[in-house]
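Heads up, the thing below is written out as structure tokens.
Side chains are part of it too, since the values below use all heavy atoms of this structure and drop only hydrogens, waters and symmetry mates. Here the structure is a predicted model, which means the values were calculated and not measured.
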Number of protein chains: 2
Amino acid sequence: MLQVSRKFEYGLHAVTYLATKGQGRVVTVKEMADDIGFSQEFLSKAMQSLKRAGIASSVQGVKGGYTLGRATTEITVADIALAIEGKPHLVRCGVKAESCEVFSSCHHRGYMGTLQHKIQDLLEDTTIYSLLQQIVP
Amino acid sequence: MLQVSRKFEYGLHAVTYLATKGQGRVVTVKEMADDIGFSQEFLSKAMQSLKRAGIASSVQGVKGGYTLGRATTEITVADIALAIEGKPHLVRCGVKAESCEVFSSCHHRGYMGTLQHKIQDLLEDTTIYSLLQQIVP
DNA sequence: CAGAGCAGGACTGAATTTGTCCTGCTTAAT
DNA sequence: ATTAAGCAGGACAAATTCAGTCCTGCTCTG
């Protein structure tokens with residue numbers, strides 16, 4: 001259906017939320033979930049993915065929570081997509097060649113590959129910083 | 001996962017297959033399925049979608065089958081995607097505003113909208129004709 | 001040492017995708 | 001006129017993926 005996953009939507013919202021809170025501020029998942037209006041449990045999963053990718057960093061224990069792991073100019077939408085959905089594969093043969101019945105005779109692999117690359121470029125072109133500029137002009 | 005559906009892959013293969021067979025030639029689903037290596041039943045579904053969109057046209061009865069509905073220069077990858085997957089909705093709120101918990105306060109709708117538009121443009125830029133050129137230089 | 005909060009594995013239910021089956025309609029050929 | 005090839009399309013079944021929950025453990029502050 002060429003649709004982004006819900007977890008990605010959660011993640012993107014979370015990152016912009018953290019960005020508006022400022023760099024130093026540590027925010028709990030509960031606060032974010034309540035404020036934004038998401039399920040706390042599920043948002044937590046998204047945050048864990050973002051943390052593993054270095055996009056967010058976490059503070060353990062009481063008074064713990066999440067902060068952005070780096071500057072908003074250094075986080076692109078592509079980073080978030082990669083952190084949450086893993087490497088993109090527009091077509092199945094990108095994941096597993098065996099999953100394609102016509103792999104050896106396929107005419108479209110080249111095109112689909114460059115298409116995916118172009119989409120990737122679009123995502124890399126947007127940093128969280130520039131995204132926030134668009135929101136609050 | 002931002003992946004194209006299998007039915008779309010079937011459809012794209014079918015269209016290029018028909019294109020290489022030449023305009024007039026009527027081809028049965030069975031022939032295509034055997035030649036390409038797809039399930040006949042499922043490919044048939046894809047063809048029906050393509051037909052409804054005018055991309056393919058069908059001939060009923062014995063000696064029936066499918067042909068391309070118009071010139072390869074007049075069929076884009078976007079046309080095939082639309083025929084088979086329907087209108088694209090990168091995010092859920094495009095389908096149903098209610099499916100988004102934060103619709104009213106959402107910061108990303110604008111960006112996701114233009115992103116979707118750009119992807120759409122990429123798909124519209126490729127005609128079957130140009131796709132075939134890439135394959136057989 | 002109690003409790004807030006992150007980490008992450010396991011599991012469940014829902015939704016979507018993929019694929020099959022069956023019945024009916026159209027038409028060329030006999 | 002009858003037969004069989006082939007499209008049309010609804011209904012259904014299986015498989016996969018996604019979304020969301022639950023639970024247990026670990027870490028740190030007060």
Side-chain angles (χ1 to χ4, degrees), chain A residues 1-11 13-14 18 25-34 37-67 69 81 83-86 88-89 91-92 95-96 99-101, chain B residues 1-11 13-14 18 25-34 37-67 69 81 83-86 88-89 91-92 95-96 99-101:
Chain A
M1 209 198 274
L2 210 57
Q3 192 178 45
V4 113
S5 76
R6 197 167 194 74
K7 202 168 161 189
F8 169 82
E9 291 182 18
Y10 273 49
H13 271 98
L18 286 178
R25 176 78 188 288
V26 174
V27 185
T28 70
V29 169
K30 178 164 169 36
E31 182 183 341
M32 297 173 72
D34 286 352
F38 283 158
S39 143
Q40 182 177 338
E41 299 276 5
F42 195 49
L43 176 58
S44 164
K45 293 296 181 192
M47 293 313 299
Q48 288 174 27
S49 300
L50 292 175
K51 193 225 154 172
R52 270 178 234 121
I55 295 170
S57 61
S58 68
V59 176
Q60 294 275 8
V62 182
K63 296 284 171 184
Y66 288 96
T67 327
I84 289 183
E85 315 210 317
H89 295 291
V91 286
R92 286 166 171 63
V95 191
K96 272 181 105 180
S99 69
C100 181
E101 306 87 341
Chain B
M1 209 199 277
L2 208 56
Q3 192 179 46
V4 113
S5 76
R6 198 167 193 75
K7 202 168 160 189
F8 169 82
E9 292 183 18
Y10 273 50
H13 271 98
L18 286 177
R25 175 78 188 288
V26 175
V27 185
T28 70
V29 169
K30 177 166 171 30
E31 181 183 341
M32 297 174 71
D34 286 352
F38 283 158
S39 141
Q40 181 176 339
E41 299 277 3
F42 196 50
L43 176 58
S44 164
K45 295 296 182 192
M47 292 314 299
Q48 288 174 25
S49 299
L50 292 174
K51 193 224 154 173
R52 272 178 231 120
I55 295 169
S57 63
S58 68
V59 177
Q60 293 275 9
V62 182
K63 297 283 170 186
Y66 289 97
T67 328
I84 289 184
E85 315 211 318
H89 295 291
V91 286
R92 287 166 170 62
V95 191
K96 274 181 105 179
S99 69
C100 181
E101 304 88 340

Legend entry - Check: C:dG8 base within 3.5 Å donor-acceptor of A:Q48 side chain: yes

Inset, instruction - Taking only the side-chain heavy atoms of A:S5 (C-beta and beyond), determine which of C:dC22, C:dG8, D:dA19 contains the nearest atom. - result: D:dA19

Inset, instruction - Indicate whether OP1 or OP2 belonging to D:dG9 is found under 4.0 Å from a side-chain N or O atom of B:R52. - result: yes

Inset, instruction - May I ask you to verify if any side-chain N or O of B:S39 is less than 4.0 angstrom from the OP1 or OP2 atom of C:dT18? - result: no

Inset, instruction - Could you check how far CZ of A:R6 sits from P of D:dA19, rounded to whole Å? - result: 7 Å

Legend entry - Gap between atoms CZ and P, on B:R92 and C:dA15 respectively (whole Å): 12 Å

Inset, instruction - Report yes if some heavy atom in the side chain of B:F42 is under 4.5 Å from a heavy atom in the side chain of B:K7; otherwise report no. - result: yes

Inset, instruction - Return no unless some side-chain N or O of B:S44 is found under 4.0 Å from OP1 or OP2 of D:dG9. - result: no

Legend entry - Distance in angstrom units between A:Q40 CD and C:dC6 P, rounded: 8 Å

Legend entry - Spacing of A:E101 atom CD relative to C:dT18 atom P, expressed in whole Å: 11 Å

Inset, instruction - Compare the minimum distances between each of D:dG20, D:dA4, C:dA7 and the side chain of B:V62, then state the nucleotide with the smallest one. - result: D:dA4

Inset, instruction - Under the side-chain contact (heavy atoms from CB on, under 4.5 Å) rule, what do B:L2 and A:L2 come out as? Steps first, then yes or no, please. - result: CA-CA 5 Å; B:L2 208 56; A:L2 210 57; 4.0 Å; yes

Legend entry - Whole-Å gap separating C1' (D:dA19) and CZ (A:F8): 17 Å

Inset, instruction - Choose from D:dT27, C:dT20, D:dT21 the nucleotide whose nearest atom is closest to any side-chain atom of A:F42. - result: D:dT21

Inset, instruction - Mind checking the CZ-OG spacing from A:R92 to B:S5? Nearest 0.5 Å is all I need. - result: 7.0 Å

Legend entry - Candidates C:dC6, C:dC22, D:dG6 - which lies nearest the side chain of B:E41: C:dC22

Legend entry - Spacing between B:K7 atom NZ and C:dT16 atom P, to the nearest angstrom: 15 Å

Inset, instruction - Find out whether A:L43 and A:H13 are in side-chain contact, i.e. whether some heavy atom of one side chain is under 4.5 Å from a heavy atom of the other. - result: no

Inset, instruction - Give a yes/no on whether any side-chain N or O of B:K63 is located under 4.0 angstrom from OP1 or OP2 of C:dT27. - result: no

Legend entry - Spacing between A:H89 atom NE2 and D:dT16 atom C1', to the nearest angstrom: 17 Å

Inset, instruction - Would you kindly give the CG-to-C1' distance between A:L43 and C:dA7, to the nearest whole Å? - result: 14 Å

Inset, instruction - When you get a sec, tell me which of C:dC6, C:dT18, D:dT21 is the closest nucleotide to the side chain of A:K45? - result: D:dT21

Legend entry - Check: B:I84 main-chain N/O paired with B:R52 side-chain donor or acceptor under 3.5 Å: no

Legend entry - Nearest to side-chain heavy atoms of A:T28, which nucleotide of C:dC6, D:dC7, D:dC23: C:dC6

Inset, instruction - Tell me which nucleotide among C:dC6, D:dA8, D:dG20 gets nearest to the side chain of B:S58. - result: D:dA8

